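What follows is a short report on a single structure.
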2 protein chains.
Amino acid sequence: MTRFVNRSRPHTESGARHLDEAAENDPLFIRATARTMMVLSAFHETDRPMSLSEIARAAGLDRSTTQRIVHTLRQLGYLQRDPHDRGYVPGIRIYDHIFDAMRLNRQLQPAVPLLLDLRRNVNERVDLSLIDDTRLVYAFRLPPKREVLHAMMVGLSVPIYCTSAGWSVLSRMPEDEARDLIRRSDRQRYTAQTLIDEDAIMAEVEKAGETGYAVAVEQLLPGEIAIGAAVTNTLGRPVAAVTISGLSSDWTPEEFARAVSPSLMQTVAAIGRA
Amino acid sequence: MTRFVNRSRPHTESGARHLDEAAENDPLFIRATARTMMVLSAFHETDRPMSLSEIARAAGLDRSTTQRIVHTLRQLGYLQRDPHDRGYVPGIRIYDHIFDAMRLNRQLQPAVPLLLDLRRNVNERVDLSLIDDTRLVYAFRLPPKREVLHAMMVGLSVPIYCTSAGWSVLSRMPEDEARDLIRRSDRQRYTAQTLIDEDAIMAEVEKAGETGYAVAVEQLLPGEIAIGAAVTNTLGRPVAAVTISGLSSDWTPEEFARAVSPSLMQTVAAIGRA
DNA sequence: TATAGCTGTATCGCTGAGTGATACGCAAGG
DNA sequence: CCTTGCGTATCACTCAGCGATACAGCTATA
């Protein structure tokens, strides 16, 4: 399920060493704060409850330090013991923070009603994602009538280099910046169709630059066709993206674009203006 | 908008002092970890970007400590400067953690398709919320066709004592436990109809104990009618709740219950079994 | 144009908070 | 039986975090 999850991980193992280096020359850097977040981030790499030792290993810390941090986070409600199984899982207090993050995000608030309108027009799945360097983070998802897959995907992230939304985002950047981002990406083939060659990707980006949207067929998931367009701020910089996705068996790329791209373009323009 | 938000706040001002007391006798308690989470929690109390001093005040810390923690969290992507305005806002890295919390929550995974089915049957809003002591935290929300209000409410929390879902949750607890929870709640009148008297609330709880569901009219929001039922684990303990809500102008409580309670009860039973 | 108050940033000596090695009781599995 | 992993608890050392202090830049009020 999380096969195509693309976490940014500055705080795990190799990342931990990097942070310690950064801390050496930075008198304002608090190691304990970083370690705390490393413990919380340990759960990125698992799909079941984690024991103390597992957390320690994933976070790159020793058992004692992990014990203390886990103990403290447990007191505060950010971690809890799994009621059924052994081990620890993220606690409910996390939900408060995502609520803050969404509430205080300037892009999201005005976008919601616009996305609902869009979904009304096109009866496929509609997603809004935010840009975080080389990845897109899903912030909002509206399932279609016939939902097959997972629907609660807030926080799921996908790569920029091989998604329709990503290509449209790249098309709104200067070329050298886009190429640099592609090079920094950890490119892998999720399907046989996944593009990983820089120039091949840039060809899609250029097409997106002309039409305003990009269409991707089975880049990330078999059977999926997606069309994406970037939301830009008043300076023309991409800040988010909207994706509409359906089944590749239902549409040719051309039909799909003809059917939904007008509504899509109208929506991203409206969000950018809001 | 956040008028009825009901944050649990163990780490702010008076809460901070409480934590320091706890830390004195607890050799495993890391002050720096708690302080880090206090800084992140500072955003619970605002609806706009916060300056360093504002964060410090909200978190109950001095400016220097806040500076260092904010600096560190910024390096890690948990805080960022607001691009338009001054000040800091939560960063995008938060999204990774909510994804973990949802992914690893045993209640949520099997519930999603069941909730989609439920929404198909009843054309009103459907919510799933998790229990956190005296409050219910929204984990999943499916908007109806005609959505009026805010739709992306993951992490929003509402009180247990004056909601339909809350009453149904209380009805699945021993009476003394339920009464204790009500007493510990910070009861306030959100509307003229809001029940705050312990015995009045317990009367609704008893009704819910008989029928299995509770109906609340304009308890939290004017014009809202809601029906809620608890999800219980195999031991009979309440672990979550499902709510269906509509407009009180469209339904009498009896009609509403007759129309949707069968589907609702079927859904919560199925989630509990999953 | 002072000036007062805010912002974010930077410096620095002191000390106790955090560290990490170590140990213990318990439960599961062989 | 022994082993291995779990969560928990203890303790002396020391350097990481502390918090007082200072400063440049920006806004707004006087």
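Just so you know, these numbers come straight off a predicted model, no measurement behind them. Letters A, B, ... mirror the listed sequences (proteins, then strands); counts begin at 1.
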Of the listed nucleotides ([options]), which one gets closest to any side-chain atom of [X]?
X	options	result
B:Tyr88	C:dT19, C:dT9, D:dA9	C:dT9
A:Arg74	D:dG17, D:dT8, C:dT9	D:dT8
A:Asp62	D:dG7, C:dG20, C:dT9	C:dG20

Any side-chain N or O of [X] less than 4.0 Å from the OP1 or OP2 oxygen of [N]?
X	N	value
B:Ser53	C:dT7	yes
A:Arg31	C:dG18	no
B:Ser64	D:dC18	no
B:Arg35	D:dG19	yes

Could you state the atom-to-atom distance from [atom1] of [X] to [atom2] of [N] in whole Å?
X	N	atom1	atom2	value
A:Leu61	C:dG20	CG	P	8 Å
A:Gln67	D:dG5	CD	C1'	15 Å
B:Ile30	D:dT8	CD1	C1'	15 Å
A:Leu28	D:dC18	CG	C1'	12 Å
A:Arg63	C:dG20	CZ	P	14 Å
B:Glu54	C:dC6	CD	P	11 Å
A:Arg68	C:dG20	CZ	P	7 Å
B:Ile69	C:dA17	CD1	C1'	14 Å

Quiz item: Given the side-chain rings of A:Tyr78 and A:His97, with only the six-membered ring counted for Trp, is the space between their centroids under 6.0 Å?
Solution: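 Yes, they do, as the ring centres are separated by less than 6.0 Å.
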Practice problem: Please determine, by modelled atom types, if B:Thr33 and A:Thr36 share a side-chain donor-acceptor pair under 3.5 angstrom. | Solution: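 On atom types as modelled, these side chains qualify, holding a pair under 3.5 Å.
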Quiz item: Does a donor on one side chain sit under 3.5 Å from an acceptor on the other, for B:His44 and A:Asp100?
Solution: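 A:Asp100 and B:His44 do have a side-chain donor-acceptor pair below 3.5 Å.
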Quiz item: In terms of the nearest nucleotide of DNA chain D, which residue is placed more toward the 5' end: B:Ala32 or B:Arg86?
Solution: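 Its nucleotide being nearer the 5' end, the pick is B:Ala32.
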Exercise. Determine the contact category for A:Leu52: base if any of its heavy atoms lies under 4.0 Å from a base atom, sugar-phosphate if only primed atoms, P, OP1 or OP2 are that close, otherwise nothing.
Key: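 It contacts base atoms.
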Quiz prompt | Expected output: side-chain B:Asn233 to main-chain B:Gly236 donor-acceptor under 3.5 Å | solution =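 Confirmed, B:Asn233 side chain pairs with B:Gly236 backbone.
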Quiz item: Would you find a donor on one side and an acceptor on the other, under 3.5 Å apart, between the side chain of A:Thr46 and the backbone of A:Arg48?
Solution: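 Answer holds: yes.
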